[in-house]
Number of protein chains: 2
Amino acid sequence: MTVLIVEDDAVHRAFLRDVLVGTLPGCRLIEAADGVVGEALAREHESMNVVVDLQMPRRTGVEMARTLWRERPGTAIMFWSNYADEAYVRGVSRIVPEGAAYGYVLKSASEERLALALKSVFLEGQCVIDREIRSVQQKSADRSGSFTDVEYEILVDLALGLTDRLIAERRGISLRSVQNRLGQIYDKLGVYETEAGSDVFNLRMRAVTLAGLRKLLNRNSLEQAEAELAAWLAASPRAGGGRR
Amino acid sequence: MTVLIVEDDAVHRAFLRDVLVGTLPGCRLIEAADGVVGEALAREHESMNVVVDLQMPRRTGVEMARTLWRERPGTAIMFWSNYADEAYVRGVSRIVPEGAAYGYVLKSASEERLALALKSVFLEGQCVIDREIRSVQQKSADRSGSFTDVEYEILVDLALGLTDRLIAERRGISLRSVQNRLGQIYDKLGVYETEAGSDVFNLRMRAVTLAGLRKLLNRNSLEQAEAELAAWLAASPRAGGGRR
DNA sequence: ATCTTCTTTGCGGGATCCCGCAAGATCCCT
DNA sequence: AGGGATCTTGCGGGATCCCGCAAAGAAGAT
């Protein structure tokens, strides 16, 4: 069995190496320090399993996993991350192909838990999601204050700094509808729940800040969204064109 | 010599332990997994040196260092962090007491570099700042597009979601001045530099997004600012009080 | 004291944002 | 087909934001 380790932190990489040889004796290890290299290495080998960090320079674990799974949906991937941000959880579960084996464990988990998860995913083809992450998933799925995909998209547009008008244009709905959505988003994020009156805040900004503090948005998700936005802006020839 | 290790990641903590016993033979090690515990332990011992991670749950490395230095400005502290975000660099250099020995090295640095830095700081009482971080410091100090402290404060207020009016109140300047400052901030962040016209963005939001992407603001700095804001709101009895 | 330069502040106005209200539109259930 | 719940859209208006303009102040140089 071949296992590809993609992790930028040398200390963690060494740790993973140890755990893997202990857990899957006789496995062949390949290592990469970021997603770009990892992707290239993955292409060179037929069937393999992958352990990948989520935060990496150049190319995120999620991005790498997406292209990897697009080419070979059968690959088993273990995500190994520091954080259980809702933004990450959303990002991962958005790209998992049907029936693919994958795992998501936190770096704070014990070595045993990691070893067990590796065996389950790579040998048994099961899915193993860390307890803590499951709870985030739940919260984001069934809580009353949860977010639709549409709402989430608009929240991202908001965070990117688009005007209402442009969001409407991009998502193909009317200006007023955008504003309705924003209203719901404000509600769900609890923009109004503040001790000192409510005319204290600029609502759209406050919403994004709260989303950030709740780890619903993070730098990674924004970076990606920013790239998508740039692509869309380039593709759709804008009429207006700058007042200054 | 006593060294306190404050680091939430068990793998990194073990690594630090190894490096320390190799570098400073015979030193006594104490460990804590977060800033709160670390602070308590630091209080129990007379003179000690500290190695501390910047990102930790509950209490940041910066927060811990600040209270520690307030009580005993002579303590030597080594900051050991994953990132060279301008937000962190600013945060650290804001709290260093005069003449204190400290270091700031990245986790991506080699073991030798870390060992060398530890010796310089703990034995020689020197200051060792990682090359990469120095460059961030420089950039934030002399570049034309750099930020005054005032501007930075207002940028943070902006990111927290305050209205212009409240920022004015909080910082003790007129509404118009706040707006002037915002204008400068927009300029420096390059809010207008976009291919597709400039009436595309909501300026205040866009500014904060760009600041985030540039790592000028990050989740940590916002969390802290949020706490300070809450304190200020509680302390200054607000007149208005909610329209809803 | 005078001039220069930079900053602060007020005023005004166009653009945007936030949202209540009400008229359709859509969908589901019976 | 009818009724009800939800969603979308337009209109209107008050609040806020962004910024040009110019007067008033502050700091420094000659």
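The chains referred to below are lettered A, B, ... by the order of the sequence lines, with proteins before strands, and numbering in each begins at 1.
B:R176 and B:N180 are linked by a side-chain donor-acceptor pair at a separation below 3.5 angstrom, with hydrogens and angles left out of the test.
Sorted by residue number, the list of members of residues 155-164 of chain A with any non-hydrogen atom under 4.0 Å from DNA chain D is empty. For residues 174-183 of chain B, proximity to DNA chain C is found at B:S174, B:R176, B:S177, B:N180, B:R181, defined as any non-hydrogen atom under 4.0 angstrom from a strand atom.
Taking atom CG of residue B:L203 and atom C1' of nucleotide C:dG14, one finds them 14 Å apart after rounding to whole Å. Between the C1' atom of C:dT16 and the CG atom of A:N202 lies a distance of 11 Å, rounded to the nearest Å. In this structure, the CD1 atom of A:I185 is 14 Å from the P atom of C:dC17, given to the nearest Å. Atom C1' of nucleotide C:dG10 and atom CZ of B:R165 are separated by 17 Å, given to the nearest angstrom. Between the OH atom of B:Y186 and the C1' atom of C:dT16 there is a distance of 12 Å, rounded to whole Å. Remark: P of C:dT16 and CE of B:M205 are 16 Å apart, rounded to the nearest angstrom.
Remark: A:K188 is positioned above the aromatic ring of A:F147, its terminal NZ or CZ atom under 6.0 angstrom from the ring centre and at most 45 degrees off the axis.
Bending across the helix from C:dA1-D:dT30 to C:dT30-D:dA1, expressed as the angle between its end axes from five pairs apiece, amounts to 30° (10° rounding).
In this model, the phosphate group of C:dC18 is not approached by any side-chain N or O of A:Y192 to a distance below 4.0 Å at OP1 or OP2.
Atom CD of B:E132 has 12 or fewer heavy atoms from other residues, nucleotides or ligands within 6.0 Å. Counted within 6.0 Å of CZ on B:R94, heavy atoms from surrounding residues, nucleotides or ligands total 12 or fewer; the atom is thus considered open.
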